[in-house]
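In what follows, a single structure is set out as structure tokens and then discussed.
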Amino acid sequence: MAPENNAKPETGPKMVPVTKPKGWVVLVLRLLALAATASATIVMGLNKETKTFVVATVGTTPIKATFSAKFQNTPAFVFFVIANGLVSFHNLVMISVNLFGKKLDYKGLRLAMIAIFDLLNTVLASAGVNGAVYMAELGKHGNSHARWNKICDRFKTFCDHGGGAIIASFIGLALMIVISIISIVKLAKSKSNTPLLGEP
């Protein structure tokens, strides 16, 4: 018997449309990463504490000296500020590209460049925060073997602000890892959908 209403029989399995991740998800993640790394940069960059201590006593007269703790005194903290500042600038540029630069794609290189720069900035953020963590641990507990005394018992505010900056940087690093994974997945999907050479 012929099929009713001239309906054609189904010849293959049904195609289920795949929902692509929304572009605003990456945008929100970049905004959060920008806020975290920018906060870490500003807090550490403005981190300074000055105190006056009695260093000696001559008779009954105390001899006082003023000391300052600031991030410029530690190369690891300087690198921390530079690294988080660069990651913040990267996310600011990527947000602009996401909003206004979609027409600037050249032969599919846009996704590849974004994935590469995301990965490089993730490594940069990781290096900056891990170097700062090492120095923060040294400042908090010292090193009895090297006879390096701790300073956080004397400069508590400086250490508290530094710890807050490190926490913000770790949050930014975690977000950058997620963003990098999404960028690489997008790049892989775009390559898999690209026809091979010689194919129509």
Side-chain angles (χ1 to χ4, degrees), residues 13-47 71 74-137 161-200:
K14 294 183 178 180
M15 301 299 293
V16 180
V18 178
T19 304
K20 295 182 179 180
K22 302 296 183 181
W24 60 265
V25 174
V26 178
L27 182 62
V28 170
L29 290 174
R30 288 198 186 279
L31 286 171
L32 292 174
L34 172 62
T37 54
S39 299
T41 304
I42 294 171
V43 172
M44 185 65 82
L46 299 177
N47 195 13
F71 86 97
T74 306
F77 291 159
V78 174
F79 178 68
F80 175 88
V81 171
I82 295 173
N84 281 275
L86 289 175
V87 175
S88 300
F89 178 73
H90 162 77
N91 278 306
L92 186 61
V93 172
M94 289 298 105
I95 290 170
S96 302
V97 169
N98 190 26
L99 294 176
F100 310 109
K102 293 183 178 179
K103 296 181 180 180
L104 300 178
D105 194 8
Y106 177 74
K107 294 184 178 179
L109 292 179
R110 176 173 166 268
L111 290 177
M113 295 304 297
I114 290 175
I116 291 172
F117 281 115
D118 281 341
L119 188 59
L120 289 176
N121 279 271
T122 301
V123 174
L124 182 62
S126 177
V129 72
N130 281 288
V133 165
Y134 171 77
M135 294 307 301
E137 178 71 15
H161 289 176
I166 289 173
I167 292 174
S169 184
F170 266 121
I171 294 173
L173 173 59
L175 291 169
M176 284 304 302
I177 293 173
V178 176
I179 292 171
S180 295
I181 294 173
I182 294 175
S183 298
I184 294 171
V185 170
K186 281 186 175 181
L187 177 61
K189 287 184 177 180
S190 69
K191 294 298 181 182
S192 64
N193 293 331
T194 302
L196 297 176
L197 187 62
E199 289 186 355

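Counting begins at 1 with the first residue of the sequence.
Expressed to the nearest 0.5 Å, how far CG of L111 lies from CD1 of I184 amounts to 12.0 Å. Between the CD1 atom in I114 and the OG atom in S180 there is a gap of 11.5 Å [rounded to 0.5 Å]. For the atom pair N91 CG and M176 CE, the distance stands at 5.0 Å (nearest 0.5 Å). Atom CD1 of I166 and atom CD1 of I171 lie 12.5 Å apart (nearest 0.5 Å). F77 CZ to M44 CE: the interatomic distance, rounded to the nearest 0.5 Å, is 5.0 Å.
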_Criterion side-chain contact (heavy atoms from CB on, under 4.5 Å) on L120 and H90, from CA distance to verdict_ = CA-CA 10 Å; L120 289 176; H90 162 77; over 6 Å; no
Show me the side-chain donor-acceptor pairs of residues 78-88 shorter than 3.5 Å, one per line, residues at least two apart or across chains.
{"residue": "N84", "atom": "OD1", "partner": "S169", "partner atom": "OG", "Å": "3.0"}
{"residue": "N84", "atom": "ND2", "partner": "F80", "partner atom": "O", "Å": "2.9"}
{"residue": "N84", "atom": "ND2", "partner": "S169", "partner atom": "OG", "Å": "3.4"}
{"residue": "S88", "atom": "OG", "partner": "T37", "partner atom": "OG1", "Å": "2.8"}
{"residue": "S88", "atom": "OG", "partner": "A38", "partner atom": "N", "Å": "3.1"}
{"residue": "S88", "atom": "OG", "partner": "N84", "partner atom": "O", "Å": "2.8"}

Throw together a table of side-chain donor-acceptor distances under 3.5 angstrom for residues 126-135, partners on residues two or more places apart or in other chains.
{"residue": "S126", "atom": "OG", "partner": "N130", "partner atom": "ND2", "Å": "3.2"}
{"residue": "N130", "atom": "ND2", "partner": "S126", "partner atom": "O", "Å": "2.6"}

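Residue-environment remark: CZ (F89) stays at or below the threshold of 12 foreign heavy atoms within 6.0 Å.
Checked against side-chain contact (heavy atoms from CB on, under 4.5 Å), L29 has the following partners two or more places apart in sequence or in another chain: V25, L175, V178, I179, I182.
The minimum heavy-atom distance between D118 and R30, with the atom names listed, is OD2-NH2, 2.7 Å. A33 approaches G172 most closely through the heavy-atom pair CB-O, 4.4 Å.
Looking at F170 and I167, their side chains never come closer than 4.5 Å, going by heavy atoms from C-beta outward.
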